[in-house]
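Worksheet for the structure shown next.
Only a predicted model underlies this, so the values are computations on that prediction, with no experimental measurement involved. Scope of the values below: all heavy atoms of this structure, side chains included, with no hydrogens, waters or symmetry mates.
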Amino acid sequence: MKKKALAIVLASTMVAGVVAGCGSAASAPASAPAASTEAAAASTEAAAATTEAAASDDDWASKIKFTASSYNEAAPDWSEYDKLISEIRTDTDLEDREAKMHQAEDMLMATGAVLPLYYYNDLYLEKEGFSGDFATVFGTKYFMYAKKDGKAVDKMHINLASEPDHLDPALNSSVDGAALAANSFVGLYTYDADGKVVPALADGDPEISDDNLTYTVKMKKDLKWSDGSTLNANDIIYSWQRAADPKTASDYAYLFDVFAKNDDGTPVCSAPDDNTVTFTLTAPCPYIMSLLAFPVFMPVQKAAVEAADPDGSNPGAWASEAGFVSNGAYTLKSWKHNESMVYVKNPNFYDADNVSVDELDFMLSADDTAILAAYQSGDLDYADTVPNGEIQNLKDKPDFHVIPNMGTYYVGFNVNSKMFDGKTVDQANAMRRAISLLIDRQYIIDTIGQTEQQAATSFIPAGMSDGHGGVFKENDSDYTFPVDDGYYKDLSADQEGNTAKAIELLKSAGFKFDDNNQLSADTPLHINYLTNQGTGHEGIAQAIQQDLSAVGITMDISVEDWQTFLNDRKQGNFDVAREGWLADYDDPINMLEMWTSDSGNNDCQFGVDPSAKK
């Protein structure tokens with residue numbers, strides 16, 4: 001099926017007036033007279049009509065109709081999106097699959113709840129003479145093969161971030177945590193310095209059935225955990241089933257949805273013998289090899305997990321202090337929380353003979369000024385952040401590096417936020433899209449990012465594969481993006497036009513403006529913006545604050561430490577927050593399935609009833 005044709009089909013299946021979700025008699029007080037109910041319904045219809053009229057220049061979004069959720073009149077019902085993602089996972093027609101992924105992104109962007117700013121690249125400082133360490137475009141960094149002036153290194157001093165949220169690879173969902181996992185655990189496959197998936201615990205490539213559904217992986221013999229005990233295929237099966245189990249509460253449990261399921265809901269995977277892993281998929285999966293190299297697919301030792309958490313109430317307890325059992329290049333020797341971590345070489349790692357750094361010493365800090373001072377004084381060899389004000393001074397030096405990433409820095413709105421109280425779902429969507437139009441992304445790149453990032457006009461990043469040999473973010477005969485090669489123009493490209501559209505959208509959502517295009521005091525709009533520490537993140541927040549003030553929108557900025565920030569976003573304890581997503585693998589589904597209502601990475605709370613979380 002062609003993508004444009006699918007758009008029409010999907011839009012028609014979603015059409016259901018906002019009135020049905022927000023203005024029904026069932027939602028009126030029991031004692032309300034009929035005339036009052038009819039008036040409320042008429043008012044809702046008028047609001048919907050105004051919203052649609054205002055969308056004449058935002059036509060693509062107005063064609064995607066949302067009903068309100070059963071628990072919040074301003075939040076979209078998300079069941080159609082969940083259904084669409086489920087269909088994508090099992091679609092064997094790759095052109096049809098791509099068309100459905102475009103439709104999923106259309107739906108996502110029409111809500112305005114995901115507000116892309118720019119596509120990532122990665123800057124870091126590394127002392128001259130170091131080589132051999134590498135990073136993937138997904139942001140995962142590998143230090144075990146680093147050398148200094150071509151020779152092995154006793155210690156490498158590194159800063160990636162502040163205190164990690166989780167070290168259990170099944171529970172981690174942060175980029176810094178993935179790097180720690182990649183250096184202390186390893187799965188059947190891993191990445192090499194060229195970004196290719198290569199065997200790790202696996203003894204070669206998998207054997208694949210003719211229908212591309214059943215995989216058989218032979219493992220290397222005589223594998224061991226860091227404590228010297230035997231590691232075999234049974235450990236892989238235990239770890240996968242544990243990560244997929246809802247009781248574990250892995251944010252990435254949904255990645256196992258590509259597996260066929262047993263009657264009890266567990267993934268279809270088994271260990272026919274100690275050196276063989278077999279598993280079955282629901283449909284051919286073009287990115288399955290990348291999944292097998294991803295942290296949530298790495299093994300953890302059953303005995304260690306269960307000893308630390310006998311009743312299953314704290315799944316990550318076993319890896320909350322130094323000394324836990326792992327199977328990668330390093331083991332965690334010491335951990336001074338919020339200060340430092342020391343990893344030492346694991347002699348039982350399958351590739352220990354080629355590990356060229358004996359010890360990794362991590363400075364745990366998000367204070368990029370202190371991090372730069374430590375780097376310049378010689379206390380750090382590698383710093384993964386640079387103060388915003390120092391980039392221009394450093395970017396031409398030989399130890400300053402910028403490498404490609406595949407991901408998007410964006411702003412996320414909590415669709416259940418009280419800032420949308422009293423609005424219809426279309427009005428809430430219009431509010432968010434209006435705010436997006438008012439932000440000057442190029443200014444943020446030029447003055448804060450400063451490393452030639454690309455302004456984002458879509459959530460799925462530029463350069464990502466379409467899953468069958470092409471690039472997703474390109475117009476072609478089957479699909480054309482609504483505006484150029486995205487969903488809107490940046491403010492820098494059309495300040496007058498964007499501002500006019502934004503004001504019309506806000507008017508359609510019930511806001512009033514004076515003759516100077518300033519919000520009326522009768523209908524103020526205030527935003528509480530949440531970010532984590534870092535001069536770049538805070539600078540971006542301040543730039544957004546300034547942009548929105550141009551039409552009278554006010555904004556407060558709150559700054560939290562990394563762990564608190566991660567958990568507040570996950571729990572929906574925010575109105576608007578800075579967000580970022582580096583792809584886990586090169587397929588658009590990775591940027592889309594994170595927004596299903598049951599995903600642990602669904603910070604915007606799509607399809608999530610807040611009362612059900614209490």
Side-chain angles (χ1 to χ4, degrees), residues 1-18 21 48 51-52 55 58-69 72 74-89 91 96-116 254 408 410-416 420 424-434 436 456-461 464 466-467 472-473 478-483 486-488 505 579 581 587-599 601-608:
M1 183 184 293
K2 295 296 185 181
K3 286 175 272 189
K4 284 185 179 177
L6 184 67
I8 296 170
V9 172
L10 181 61
S12 66
T13 62
M14 294 180 62
V15 171
V18 175
T51 303
E52 290 189 8
D58 197 32
D59 194 47
W60 69 271
S62 67
K63 290 178 180 177
I64 299 176
K65 304 297 183 182
F66 293 95
T67 57
S69 66
N72 184 344
D77 178 271
W78 211 233
S79 57
E80 288 293 335
Y81 187 91
D82 289 345
K83 179 182 177 183
L84 184 58
I85 296 301
S86 181
E87 291 174 358
I88 293 168
R89 287 174 175 147
D91 199 337
D96 186 55
R97 179 178 182 270
E98 183 194 352
K100 289 176 180 174
M101 289 192 290
H102 276 296
Q103 293 313 309
E105 188 178 28
D106 287 350
M107 290 176 66
L108 182 68
M109 295 299 293
T111 70
V114 172
L115 193 166
Y254 60 83
T408 305
Y410 64 103
V411 174
F413 291 81
N414 180 351
V415 296
N416 292 323
F420 305 116
T424 68
V425 64
D426 281 354
Q427 288 177 321
N429 290 348
M431 288 172 62
R432 294 186 288 259
R433 294 201 307 274
S436 176
T457 56
S458 63
F459 182 59
I460 294 174
M464 179 166 269
D466 63 9
F472 189 80
K473 195 178 186 291
D478 292 333
Y479 180 88
T480 302
F481 282 91
V483 181
Y487 291 91
Y488 47 78
L505 284 169
E579 298 269 3
W581 189 260
D587 191 279
I589 188 65
N590 180 241
M591 308 291 291
L592 298 170
E593 65 183 351
M594 63 185 282
W595 300 116
T596 58
S597 56
D598 61 350
S599 164
N601 292 312
N602 174 22
D603 288 352
C604 291
Q605 310 298 303
F606 290 116
V608 178

Salt bridge (Lys or Arg N to Asp or Glu O under 4.0 Å) with Lys100: which of Asp466, Asp91, Asp478, Asp106?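 So, applying the salt bridge (Lys or Arg N to Asp or Glu O under 4.0 Å) to Lys100 and each of Asp466, Asp91, Asp478, Asp106, only Asp91 qualifies.
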
Given side chains that start at C-beta, do those of [X] and [Y] come closer than 4.5 Å, heavy atoms only?
X: Val483; Y: Thr457; answer: no
X: Thr67; Y: Val425; answer: no
X: Tyr254; Y: Arg89; answer: yes
X: Leu84; Y: Glu80; answer: no
X: Tyr488; Y: Arg433; answer: no
X: Met431; Y: Phe413; answer: no
X: Met107; Y: Gln103; answer: no
X: Phe420; Y: Arg432; answer: yes

By side-chain contact (heavy atoms from CB on, under 4.5 Å), which residues pair with Ser597, not counting sequence neighbours?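 Testing Ser597 for side-chain contact (heavy atoms from CB on, under 4.5 Å), a comparison that skips the adjacent residues, returns Asp82.
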
Heavy-atom closest pair, residues [X] and [Y]:
X: Ala456; Y: Thr408; result: CB-CG2, 4.3 Å
X: Ser458; Y: Lys473; result: OG-CE, 2.8 Å
X: Met591; Y: Pro461; result: CE-CD, 3.7 Å
X: Ala110; Y: Asn429; result: O-CB, 3.7 Å

Quick one: does any side-chain atom of [X] pair with a main-chain N or O of [Y] as donor and acceptor, under 3.5 Å?
X: Asn416; Y: Asn72; value: no
X: Glu105; Y: Phe459; value: yes
X: Gln605; Y: Asp603; value: yes

Would Met109 and Trp60 count as a side chain to side chain contact (heavy atoms under 4.5 Å, CB included) if you check the C-alpha gap in whole Å, the side-chain angles of each, and the deciding distance to 0.1 Å? CA-CA 10 Å; Met109 295 299 293; Trp60 69 271; 3.8 Å; yes

Let me confirm one number: the [atom1]-[atom2] distance from [X] to [Y], rounded to the nearest 0.5 Å.
X: Met101; Y: Glu593; atom1: CE; atom2: CD; answer: 10.5 Å
X: Ile589; Y: Ile88; atom1: CD1; atom2: CD1; answer: 4.5 Å
X: Leu108; Y: Cys604; atom1: CG; atom2: SG; answer: 7.5 Å

In chain order, what residues pass the ring-ring contact (aromatic ring centres under 6.0 Å, His included) check against Phe606, with sequence neighbours excluded?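 For Phe606 the ring-ring contact (aromatic ring centres under 6.0 Å, His included) partners, ignoring immediate neighbours, are Trp78, Trp595.
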
Establish, yes or no, whether a centroid distance under 6.0 Å links the rings of Trp581 and Tyr410.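 Centroid distance Trp581-Tyr410: not below 6.0 Å, so no.
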
Partner residues of Arg97 under the salt bridge (charged side-chain N to carboxylate O under 4.0 Å, His left out) criterion, sequence neighbours left out: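 Only Asp587 meet the salt bridge (charged side-chain N to carboxylate O under 4.0 Å, His left out) criterion with Arg97.
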
Do the rings of Phe481 and Phe472 sit parallel, tilted or perpendicular, given the 30° and 60° boundaries?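 Rings of Phe481 and Phe472: perpendicular, over 60°.
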
Could you go through Val415 and Thr111, starting from their C-alpha distance and side-chain angles, then the distance that decides it, and tell me whether this counts as side chain to side chain contact (heavy atoms under 4.5 Å, CB included)? CA-CA 9 Å; Val415 296; Thr111 70; 5.7 Å; no

Show the numbers, then the answer: is there a side-chain hydrogen bond (donor to acceptor under 3.5 Å, both in side chains) between Asp77 and Ser79? CA-CA 6 Å; Asp77 178 271; Ser79 57; 2.5 Å; yes

Looking only at the side chains, is there a donor atom on one of Thr424 and Asp426 sitting less than 3.5 Å from an acceptor on the other? no

